[in-house]
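These numbers come from a predicted model, not from an experiment.
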Amino acid sequence: MRRKRPAGVGCALAALLTVLVTGCQQTSGSAGHGTLSGGAPTQPSGQDTVFLAVNECSSFGTTSFTEAPCSSERAAARVIARHDGRPDDGPPCPPTTDFVLHIGTQPAADGKGTIPQGYACMRNLQPPHPGDPGGGGGPRTIVGDCVHSAGRGQVRETACDGSGRRKPEYQVTRAVRSRAQCPASTALYVQLDGEDPVGCARRL
């Protein structure tokens with residue numbers, strides 16, 4: 001579930017990952033998965049100056065989302081990291097993030113100033129957690145995730161337990177600094193974020 005460089009924001013649960021197949025070098029841009037467009041977020045419910053700050057909760061839908069007390073029935077997910085700017089310019093979300101909320105610039109609730117453009121890394125309050133290793137979703141690819149071929153040197157993430165729309169074909173077993181550090185059983189190299197940017201994947 002690598003950090004995305006989205007050309008647009010969607011609500012999809014599977015992201016197109018750039019991969020490097022043994023003997024080939026192909027790259028592609030992709031839209032981020034596990035993201036919500038958000039549209040126009042409603043006014044914050046709390047008194048803080050940060051909309052959807054860390055440890056606050058969100059009630060969300062396909063067109064809008066708002067802050068909600070984490071103990072309320074409306075709360076669906078908790079903010080585990082929050083950054084200003086765009087995801088492709090800022091820090092990556094934590095590895096087990098379930099989805100990303102993209103927040104557009106808007107007036108502050110008290111009418112003083114504005115809420116800047118930013119993004120919130122979200123974790124569902126209840127299962128399922130697509131951001132967990134093998135969960136089949138989330139904004140980053142991590143060790144334990146499974147993927148299937150999507151043609152033209154690309155793969156899409158899918159659940160390792162076979163519950164997704166497509167059967168898993170490869171599983172990322174290790175994250176290393178270079179291809180040379182992957183084990184001999186590696187059948188696919190997957191581009192990851194972080195200090196160890198090469199994912200060594202074995203065929204299932």
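- Within the 4.5 Å cutoff, the side chain of Pro116 has no heavy atoms near those of the Ile103 side chain.
- Residues Arg78 and Asn55 form a side-chain contact, since some pair of their non-hydrogen atoms from C-beta on lies under 4.5 Å apart.
- With Cys121 as the fixed residue, the side chain to side chain contact (heavy atoms under 4.5 Å, CB included) test singles out one of Thr96, Ile80, Leu101: Ile80.
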Fill in: Verdict with reasoning, Leu125 to Cys57, per side-chain contact (heavy atoms from CB on, under 4.5 Å)
CA-CA 9 Å; Leu125 293 179; Cys57 291; 4.1 Å; yes
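- Considering every non-hydrogen atom in both Cys146 and Pro168, the closest pair reads CB-CB, 3.7 Å.
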Check: Stepwise, does the side-chain contact (heavy atoms from CB on, under 4.5 Å) test hold for Leu204 with Tyr170?
Finding: CA-CA 5 Å; Leu204 297 175; Tyr170 304 91; 5.6 Å; no
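- When all heavy atoms of Arg156 and Ala150 are compared, the closest pair comes out as CG-CB, 4.0 Å.
- Between the side chain of Asp98 and the main chain of Gly131, a donor-acceptor pair closer than 3.5 Å is present.
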Query raised in the report: Stepwise, does the side-chain contact (heavy atoms from CB on, under 4.5 Å) test hold for Arg123 with Thr97?
Result: CA-CA 5 Å; Arg123 177 83 173 169; Thr97 298; over 6 Å; no
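- With values rounded to the nearest 0.5 angstrom, Arg202 atom CZ is found 13.0 Å from Leu188 atom CG.
- The two residues Thr158 and Gly164 come nearest to each other via the heavy atoms OG1-CA, 4.0 Å.
- Listed for the Asp193 side chain is no donor-acceptor partner under 3.5 Å among the backbone atoms of Pro197.
- Between the CG atom of Asp196 and the CD1 atom of Ile142 there is a distance of 13.5 Å, given to the nearest 0.5 Å.
- Once rounded to the nearest 0.5 Å, the distance linking NE2 of His148 with CZ of Arg165 reads 10.0 Å.
- In this structure, Gln181 contributes its side chain and Arg177 its backbone to a donor-acceptor pair below 3.5 Å.
- Using modelled atom types, no side-chain atom of Ser58 and backbone atom of Ala68 make a donor-acceptor pair closer than 3.5 Å.
- At least one side-chain heavy atom of Asn124 sits under 4.5 Å from a side-chain heavy atom of Phe99.
- Nearest heavy atom pair, residue Cys70 against residue Glu56, reads SG-C, 3.9 Å.
- Contact detail for Val143 and Pro133: the closest heavy-atom pair is O-CB, 3.6 Å.
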- Message: Set out, in order, the CA-CA distance, both residues' side-chain angles and the distance that settles side-chain contact (heavy atoms from CB on, under 4.5 Å) for Val176 and Cys200, then state yes or no.
- Response: CA-CA 8 Å; Val176 296; Cys200 313; 3.7 Å; yes
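- Looking only at distances, no side-chain donor or acceptor of Gln117 sits under 3.5 Å from a matching main-chain atom of Thr105.
- Once rounded to the nearest 0.5 Å, the distance linking CZ of Arg203 with CD of Glu169 reads 7.5 Å.
- In this model, no donor atom of one side chain and acceptor atom of the other lie less than 3.5 Å apart for Arg179 and Tyr189.
- When atom types are taken as modelled, the side chain of Gln171 and the backbone of Gly144 share a donor-acceptor pair closer than 3.5 angstrom.
- Of all the heavy atoms in Ala81 and Val54, the pair that sits closest is CA-CG2, 4.0 Å.
- Rounded to the nearest 0.5 angstrom, Phe65 CZ and Leu52 CG are separated by 6.5 Å.
- Interatomic distance, Met122 CE to Arg82 CZ, rounded to the nearest 0.5 Å: 10.0 Å.
- Taking 4.5 Å as the limit, some side-chain heavy atom of Pro183 sits within range of a side-chain heavy atom of Arg174.
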